[in-house]
Participant: 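Let me give you the structure first, and then I'll get to my questions.
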Amino acid sequence: MSNERRLGRLTSLLRRRGIILPSYEIYGGVSGLIDYGPVGARIKRRVIDVWIDHWTSVGNVVEVDSPTITPEPVLVASGHVDEFNDHMSECGACGAVFRSDHLLEGLNPNPNSLEASDLDDKIADSAITCPSCGGFEWKGASPMNLMFPTRIGAKRGGRMAYMRPETAQGMFMLYPALFRHFRQRLPFGAIQTGKAYRNEISPRQGMIRLREFNMAELEYFIDPDELPNPDLGRWDSSVSLLPDPEGPHAGEHSMTFGEALGSGIVKHPTVAWFLALTWDFLVDVGVDPERIRFRQHASTEMAHYASDCWDCELNGEHGWVEAVGIANRTCHDLLSHQEHSGSKLLRGWRQFDSPRTETMEVLTPNGAVIGPTFKGDASAVADALSELTDVPDSLPFILTLADGTNVEVTEEMVTRRVEKVTVHGEYFTPHVIEPAFGIDRIIWHILDHSYSETEKEGKGYTILSLKQDVAPFDVVILPLFDKDGMGELARQISSRVSSMPGIHGDLDVSRSIGRRYARADEIGVPWAITVDHASLEDGTVTVRRRDDQTQVRAEVESLLSHLSSGTIGELF
RNA sequence: GCGAGUGUAGUGUAGCGGUUAUCACCCCACGUUGCCAACGUGGGAACCCGGGUUCAAAUCCCGGCACUCGCACCA
């Protein structure tokens with residue numbers, strides 16, 4: 001079976017069986033948008049459920065949910081409005097499109113900060129020709145915003161907004177509530193799953209680059225001065241790491257997460273811990289461990305907010321694809337939101353082990369002199385004195401007020417004193433470690449890695465070996481024939497299975513038994529229960545295991561209890 | 001966004017100016033069948049969208065949309 005067509009056959013299967021399909025197909029389809037069909041939606045739901053369980057079980061992580069519509073100022077503060085507004089120049093001769101600032105690379109100190117007209121002028125002044133055809137017929141530079149703009153409010157007065165390009169900002173907005181929820185004690189984290197939107201120029205590769213996609217992000221807030229000491233010993237197998245190609249460890253390494261942290265390749269212990277937890281999650285949902293690797297961003301490709309960034313890449317039909325990004329965003333976001341919004345709630349409190357007594361020299365203003373001397377400015381002078389950190393050794397001296405004016409402060413105006421203050425702690429801006437998961441890309445690789453084309457009695461046979469946790473159905477119930485009461489018994493069992501919490505069963509009565517096994521194998525149902533003639537007499541059924549197609553006979557009651565406890569495997 | 005190629009039932013395809021639009025899988029009903037895509041009979045389902053050329057268009061031309069590949073883009 002030819003390997004280059006495997007991608008096509010897998011895509012056909014996904015469409016045929018209602019897993020992944022193009023959106024709005026009867027209207028011609030829209031590039032970059034996909035539907036999860038009846039089977040795919042179930043897989044997606046379960047992948048997300050596993051993800052939420054995985055992170056909330058860390059303990060100090062809670063789930064939140066915030067809007068996808070985001071007011072512009074939030075995204076100005078986060079840097080997305082600038083970062084997503086690259087100007088593009090189009091060659092009028094050959095139609096090629098380039099980033100305007102890339103054309104000016106090396107000719108202008110900071111081309112990224114220029115307006116469209118400035119860019120056009122610079123390109124004209126520098127006589128830059130089209131790298132593609134050598135022509136000189138540039139059309140005007142125009143901004144290409146990768147966010148979907150919208151307005152909040154009807155008619156003209158609406159506020160400018162964008163569909164969120166990531167879920168993270170919503171969690172930063174909730175920081176004050178989280179800080180209260182966790183009783184003002186770091187570290188803690190918030191997770192959120194949901195849609196994010198990026199108006200990609202040309203989405204390609206099926207569900208790898210989408211315009212509307214499913215993200216799952218954790219923002220984990222830490223005190224940068226407290227380095228945790230996570231126990232990485234339980235991850236004892238080696239993983240593939242590709243450190244910064246411009247750094248001292250360039251090249252591919254195979255080592256444990258503990259070794260990666262110990263050697264300094266991974267800089268922060270929390271980052272190392274999250275790399276390990278990410279690996280666990282991916283393996284749990286059925287990604288092939290041999291096709292996972294972690295790649296560190298070079299400092300030149302780092303996102304605008306990150307100080308250390310690792311991509312978790314998965315290998316499949318589209319090559320190595322970034323599926324998870326784990327970034328140390330430091331205090332960038334909270335600090336920027338603090339500056340833009342003026343809020344003082346975006347900080348943590350660091351309690352000292354024991355209160356510190358600090359003695360400091362202060363100059364206490366002498367109102368009787370300052371008042372008459374400075375009149376209206378007197379209170380500004382008093383304020384400036386109280387904020388003085390370095391008290392001058394000698395008087396008089398020149399004091400700079402908040403509005404920038406300088407005044408002379410003489411001996412009579414102040415009293416020099418030594419003050420003792422007891423400080424119990426200090427405010428700081430927490431740092432954020434963010435694992436961001438592209439759910440669609442992960443689902444793609446689960447499907448890719450689970451899809452196997454085998455032979456059965458000389459004919460091609462397809463199995464999707466999904467883990468039970470992410471399979472669309474836990475079990476399919478099949479009467480051997482839909483007659484003699486076998487169909488009725490199967491329906492009874494099916495309705496009992498359906499009432500079991502967290503268990504999904506499917507009933508299939510049409511066509512031959514072999515065909516129904518094949519249909520179930522093709523969408524990854526791990527177990528099949530068959531009701532046959534013996535079932536009518538002694539209350540037993542057969543249980544078939546998808547992965548090796550073996551069957552055992554079991555009592556219905558015992559089978560159902562194994563099903564609810566997730567231990568069907570013990571029957572074999 | 002540019003260039004090239006490709007769009008036919010749910011899937012894979014044949015047809016390349018005039019066919020009742022081919023074949024297979026598929027799906028449904030009935031029959032048959034004592035466990036792995038069995039069989040019989042009957043049935044269902046398609047020319048991407050819009051314009052043009054022509055007596056006649058799935059077929060030729062133009063535009064749009066989508067997919068694949070290359071270039072560019074991918075915070």
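Every value quoted in this text rests on a predicted model; they were computed, and no experiment measured them. Below, chains carry the letters A, B, ... as their sequence lines are ordered, and counting in each starts from 1.
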Participant: Between protein and nucleic acid, restricted to nucleotides 28-32 of chain B and to nitrogen or oxygen atoms under 3.5 Å apart, what atom pairs and distances do you find?
Facilitator:
from, atom 1, to, atom 2, distance (Å)
C28(B), OP1, Ser510(A), OG, 3.0

Participant: Quick check: does any side chain N or O of Thr150(A) sit under 3.5 Å from a backbone N or O of Tyr162(A), one acting as donor and the other as acceptor?
Facilitator: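 Side chain of Thr150(A) to backbone of Tyr162(A), a donor-acceptor pair under 3.5 Å: no, none is there.
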Participant: Can you tell me the Watson-Crick or wobble partner of G40(B), both distances under 3.5 angstrom?
Facilitator: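 WC or wobble partner is C30(B).
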Participant: Can you tell me how far C1' of G10(B) sits from CG of Leu21(A), to the nearest Å?
Facilitator: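 In whole Å, G10(B) C1' lies 10 Å from Leu21(A) CG.
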Participant: Which part of the nucleic acid, if any, lies within reach of Ser31(A) when heavy atoms closer than 4.0 Å are counted: base, sugar-phosphate only, or nothing?
Facilitator: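 Since only primed, P, OP1 and OP2 atoms lie under 4.0 Å of Ser31(A), the category is sugar-phosphate.
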Participant: Under 4.0 Å, counting only non-hydrogen atoms across every strand here, what does Lys456(A) touch: a base, just sugar-phosphate, or nothing?
Facilitator: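 Base contact - Lys456(A) has a heavy atom under 4.0 Å of at least one base atom.
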Participant: For a quick check, tell me whether the side chain of Gln551(A) and the base of C35(B) share a donor-acceptor pair closer than 3.5 Å.
Facilitator: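 A donor-acceptor contact between them is present.
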Participant: Does Arg515(A) put a side-chain nitrogen or oxygen below 4.0 Å from OP1 or OP2 of C26(B)?
Facilitator: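 Yes.
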Participant: Which word best sums up how the rings of Phe172(A) and His337(A) line up, parallel for under 30°, tilted for 30 to 60°, or perpendicular for over 60°?
Facilitator: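 Plane angle between 30° and 60°, so tilted.
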Participant: Under 6.0 Å from the CD1 atom of Ile69(A), do we count more than 12 heavy atoms belonging to anything else shown?
Facilitator: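 No, not enclosed.
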Participant: Is it the case that the base of G12(B) and the side chain of Arg16(A) share a donor-acceptor contact (distance under 3.5 Å, atom types as modelled)?
Facilitator: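 For Arg16(A), whose side chain was compared with the base of G12(B), there is no donor-acceptor pair (under 3.5 Å).
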Participant: Please list all pairs meeting salt bridge (Lys or Arg N to Asp or Glu O under 4.0 Å) that have one or both residues in residues 514-529 of chain A, counting only residues at least two apart or in different chains.
Facilitator: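 Listed once each, the pairs are Arg16(A)-Glu522(A), Arg17(A)-Glu522(A), Asp508(A)-Arg519(A), Asp521(A)-Arg544(A).
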Participant: Does Thr542(A) have a side-chain nitrogen or oxygen under 4.0 Å from the phosphate oxygens OP1 or OP2 of C35(B)?
Facilitator: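 For C35(B), OP1/OP2 do not have a side-chain N/O of Thr542(A) under 4.0 Å.
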Participant: Under the rule for ring-ring contact (aromatic ring centres under 6.0 Å, His included), what residues qualify as partners of Tyr517(A), not counting sequence neighbours?
Facilitator: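 Here no residue qualifies.
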Participant: With both distances under 3.5 angstrom, what nucleotide forms a Watson-Crick or G-U wobble pair with A45(B)?
Facilitator: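 When the pairing criteria are applied, nothing turns out to pair with A45(B), so the answer is none.
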Participant: What's the verdict on side-chain hydrogen bond (donor to acceptor under 3.5 Å, both in side chains) for Gln169(A) and Thr70(A), showing C-alpha distance, side-chain angles and the deciding distance?
Facilitator: CA-CA 9 Å; Gln169(A) 298 308 321; Thr70(A) 311; over 6 Å; no
Participant: Can you tell me the Watson-Crick or wobble partner of A72(B), both distances under 3.5 angstrom?
Facilitator: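 For A72(B), the partner nucleotide comes out as none, under the 3.5 Å rule.
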Participant: Any side-chain N or O of Arg204(A) below 4.0 angstrom from OP1/OP2 of U68(B)?
Facilitator: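 The answer is no; no side-chain N or O of Arg204(A) sits under 4.0 Å from OP1 or OP2.
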Participant: With distance as the sole criterion, do the side chain of Arg209(A) and the base of C73(B) form a donor-acceptor contact below 3.5 Å?
Facilitator: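 Check passes, donor-acceptor contact within cut-off.
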Participant: Does a salt bridge link Arg496(A) with Glu557(A), judged by any charged N lying under 4.0 Å from a carboxylate O?
Facilitator: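 Yes.
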Participant: Closer than 4.0 angstrom, basic N to acidic O: yes or no for Asp532(A) and Arg553(A)?
Facilitator: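 The answer is yes: the pair qualifies as a salt bridge.
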Participant: Could you go through residues 471-481 of chain A and list every donor-acceptor pair under 3.5 Å that involves a side-chain atom there, pairing it with any protein atom two or more places apart or in another chain?
Facilitator:
from, atom 1, to, atom 2, distance (Å)
Asp474(A), OD1, Arg46(A), NH2, 3.3
Asp474(A), OD1, Gln468(A), NE2, 3.0
Asp474(A), OD2, Arg46(A), NH1, 3.4
Asp474(A), OD2, Arg46(A), NH2, 3.1
Asp474(A), OD2, His504(A), N, 2.7

Participant: Please write out the pairs of protein N or O atoms and N or O atoms of nucleotides 44-52 of chain B separated by less than 3.5 Å, giving the distance to one decimal.
Facilitator:
none

Participant: Has the side chain of Tyr517(A) got a donor or acceptor atom sitting under 3.5 Å from an opposite partner on the base of C35(B)?
Facilitator: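 Flag set: donor-acceptor pair detected.
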Participant: Heavy atoms only, 4.0 Å cut-off, all strands: where does Arg15(A) land among base, sugar-phosphate and nothing?
Facilitator: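 Counting heavy atoms under 4.0 Å across all strands, the contact made by Arg15(A) is with sugar-phosphate only.
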Participant: In the strands shown, is A56(B) matched to any nucleotide by a Watson-Crick or G-U wobble pair with both distances under 3.5 Å, and which?
Facilitator: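 A56(B) is unpaired by these criteria.
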Participant: Now, which nucleotide makes the Watson-Crick or G-U wobble pair with U19(B), with each of the two distances under 3.5 Å?
Facilitator: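 Its partner: none found.
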Participant: Can you tell me the Watson-Crick or wobble partner of C25(B), both distances under 3.5 angstrom?
Facilitator: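 C25(B) is paired, partner G10(B).
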Participant: Kindly say whether, by distance alone, the side chain of Arg516(A) makes a donor-acceptor pair under 3.5 Å with the base of C36(B)?
Facilitator: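 Absent.
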Participant: Give a yes or no answer on whether the side chain of Arg211(A) reaches the backbone of Tyr197(A) with a donor-acceptor pair at less than 3.5 Å.
Facilitator: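 Such a contact is absent between Arg211(A) side chain and Tyr197(A) backbone.
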Participant: Could you check which nucleotide pairs with G50(B) in any of the strands shown, counting Watson-Crick or G-U wobble with both distances under 3.5 Å?
Facilitator: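 Across any shown strand, G50(B) pairs with C62(B).
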Participant: Quick one: list whatever passes side-chain contact (heavy atoms from CB on, under 4.5 Å) with Lys44(A), sequence neighbours left out.
Facilitator: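 For Lys44(A) the side-chain contact (heavy atoms from CB on, under 4.5 Å) partners, ignoring immediate neighbours, are Tyr36(A), Ile48(A), Asn214(A), Ile443(A).
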Participant: Check whether any side-chain nitrogen or oxygen of Ser12(A) sits under 4.0 Å from OP1 or OP2 of G12(B), and answer yes or no.
Facilitator: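 Checking G12(B) against Ser12(A), a side-chain N or O does come within under 4.0 Å of OP1 or OP2.
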Participant: For a quick check of understanding: with a heavy-atom distance under 4.0 Å over all strands, which category does Gly206(A) fall into, base, sugar-phosphate or nothing?
Facilitator: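 Since only primed, P, OP1 and OP2 atoms lie under 4.0 Å of Gly206(A), the category is sugar-phosphate.
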